[in-house]
2 protein chains.
Amino acid sequence: MPDTVRIETAKAETTTFREVMAEIIQRITEGPWGPGSLLPGEVELAEEFGVSRTTMNRALREVSELGFLDRKRKAGTRVRMAPIRQARFEMPLVRAEIEKTGAAYRYQLVSRDVILAPDWLRERMRLKARARVVHLLCLHFADGVAFQLEDRWINAQALPLATEQDFSAVGPNEWLVATVPFSEVEISFLAQAADAQMVAHLGHAPGDPVFCSERATWWQNAAVTLVTLAHRRGYRMTTRY
Amino acid sequence: MPDTVRIETAKAETTTFREVMAEIIQRITEGPWGPGSLLPGEVELAEEFGVSRTTMNRALREVSELGFLDRKRKAGTRVRMAPIRQARFEMPLVRAEIEKTGAAYRYQLVSRDVILAPDWLRERMRLKARARVVHLLCLHFADGVAFQLEDRWINAQALPLATEQDFSAVGPNEWLVATVPFSEVEISFLAQAADAQMVAHLGHAPGDPVFCSERATWWQNAAVTLVTLAHRRGYRMTTRY
DNA sequence: ATGTTTATTATGTCTACACATAAGGAGTCG
DNA sequence: CGACTCCTTATGTGTAGACATAATAAACAT
């Protein structure tokens, strides 16, 4: 026999941790491992699947990060009673969100002021008295139709550069992302009644329900920026899993 | 010298991947690795930190899962331009959400009907003609005050048990969680104008903006349940990181 | 019975090593 | 110049083995 025979070992059939994950999820969702049941130990499973314990550990860990499993030392691995308790939302830049749908993106600066922070803002951003802020109103269009109204406040003390920047060409979002280092963020979603600005720019009727997201950004305990994004009528923020 | 001296090796100083992660994040947020910069390779970093490449890989992988880094084969590891593009929301059961604030939880069934699915619902849940559904209206109270209105539809064909269940004592949410296996889920957030139900039960004025979350649940390609949760005035869904 | 220590055990993580794979870049050829 | 191949390189993932740690269960003492 020629020694080429040894090449038979092609398609090495190495079971990857992803395959193991898939099989585990299968067994949980459609198979024998119902909610609350206790899984065999890692060693036993590793043996059954023909993988090393390292790999099995990784698979189980990732499945548990998906929210399916609950793992405790000594106690073992258990299928969670309540399926998944977390929702992940991708929050791309508006530009990316619009361009992904195939629509043309356009940005427009509506107004720009450098003023003393009003009281409510001082409290919200924990600014000191007489703090100056840059106030911007911007519009984001998808194929010429207003898609999102951006109402942004920037702490001038924390970011003096912002007072010199005119945001007519490049949106504050993209500018900030390129300028400010990573920071602490607080995001909220809420429903608001359409105010004058939204009526004027987004085409709502006064008092219409508007889906808004608010984002406050901090860096080293100093507020950097606070922005409210008002979305067009009927906007939904959706995620699937 | 007594041989107890050897015990000096206590506190073995093993650098864990968590410590490495912390240091990496530090260098990104406050240190030399600004947005867009390219990190040294795993091997080099591993050497610098005095850990194995496996550990360094894990650290880098997890930091990148947090949204800080972008990793590509051959291209290397790069600091993301846009800090964090995803928001994670914990979505506990209402009961847990209310009890966490220290308030007393109370559940009340408002109405319960078994009917033919209306057209919009048939389309939304992809039910066939003449499909029967259970329609529930439920209220969740925090300290006696209406907190959330639950408008739920259950596919009677996929879940015949639901037609026999009277949901006067236990909420459909908790019942479903205990009954239905893990499933595919689609969650949306949206702003709605208060309708008659919300006015009657949540104390909104007609047309008020209401923050709603809608959740559609599937199991093996069959719709199980569709629920809309309307929140009380001023409700915000918030996350921080 | 109750509180405390001790042993056991399943998961958590580290190491060293090897091979797989994607993708940038150089070189080649038309 | 463009399209192709091939090489190189950084990350991706697998293995075996060892020790760490948390948490239960058993043994013990009060």
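These numbers come from the heavy atoms of this one structure, side chains and all, not from hydrogens, waters or symmetry mates. Letters A, B, ... are given to chains in the order of the sequence lines, protein chains preceding strands, and every chain is numbered from 1.
B/Asn57 has its CG atom 14 Å from the C1' atom of C/dA16, to the nearest Å. One interatomic measurement links the two molecules: CD of B/Glu62 to P of D/dT13, which rounds to 13 Å at whole-angstrom precision. Atom P of nucleotide D/dA10 and atom NZ of B/Lys72 are separated by 15 Å, given to the nearest angstrom. For B/Arg58 and D/dA10, the CZ to C1' distance is 20 Å, given to the nearest whole Å. With rounding to whole Å, A/Lys74 atom NZ is found 8 Å from D/dA26 atom P. If you measure from atom CZ of B/Arg73 to atom P of C/dG25, you get 18 Å, rounded to the nearest angstrom. Going from atom CG of B/Leu38 over to atom P of C/dG24 covers 13 Å, rounded to whole Å. C/dC14 atom P lies 8 Å from atom CZ of B/Arg18, rounded to whole Å.
Applying the 3.5 Å distance criterion, the base of C/dT11 shares no donor-acceptor pair with the side chain of A/Arg71. At a cut-off of 3.5 angstrom, counting only N and O atoms as typed in the model, there is a donor on one side and an acceptor on the other between the side-chain of A/Arg53 and the base of C/dT13.
For D/dA16, neither phosphate oxygen OP1 nor OP2 lies less than 4.0 angstrom from any side-chain nitrogen or oxygen of A/Thr54. The side chain of B/Thr55 contributes an N or O atom lying less than 4.0 Å from OP1 or OP2 of C/dT15.
Checked against D/dT15, C/dC14, D/dG14, the side chain of B/Thr16 finds its nearest nucleotide in C/dC14.
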task = Might you work through the salt bridge (Lys or Arg N to Asp or Glu O under 4.0 Å) test for B/Asp70 and B/Arg78, ending with a clear yes or no?
result = CA-CA 5 Å; B/Asp70 222 4; B/Arg78 214 168 261 286; over 6 Å; no

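For the pair A/Arg124 and A/Trp153, the cation-pi test (distance below 6.0 Å, angle within 45°) is failed. Because its NZ or CZ atom is both nearer than 6.0 Å to the ring centre of B/Phe141 and within 45° of the ring axis, B/Arg106 counts as a cation-pi partner of that residue.
Two residues, B/Met56 and A/Thr77, neighbour DNA chain C, and the one matched to the more 5' nucleotide by heavy-atom proximity is A/Thr77.
In plain terms, the two heavy atoms of A/Leu202 and A/Ala146 that are nearest each other are CD2-CB, 3.9 Å.
Salt bridge A/Glu65/B/Arg61: absent, no basic N to carboxylate O contact under 4.0 Å.
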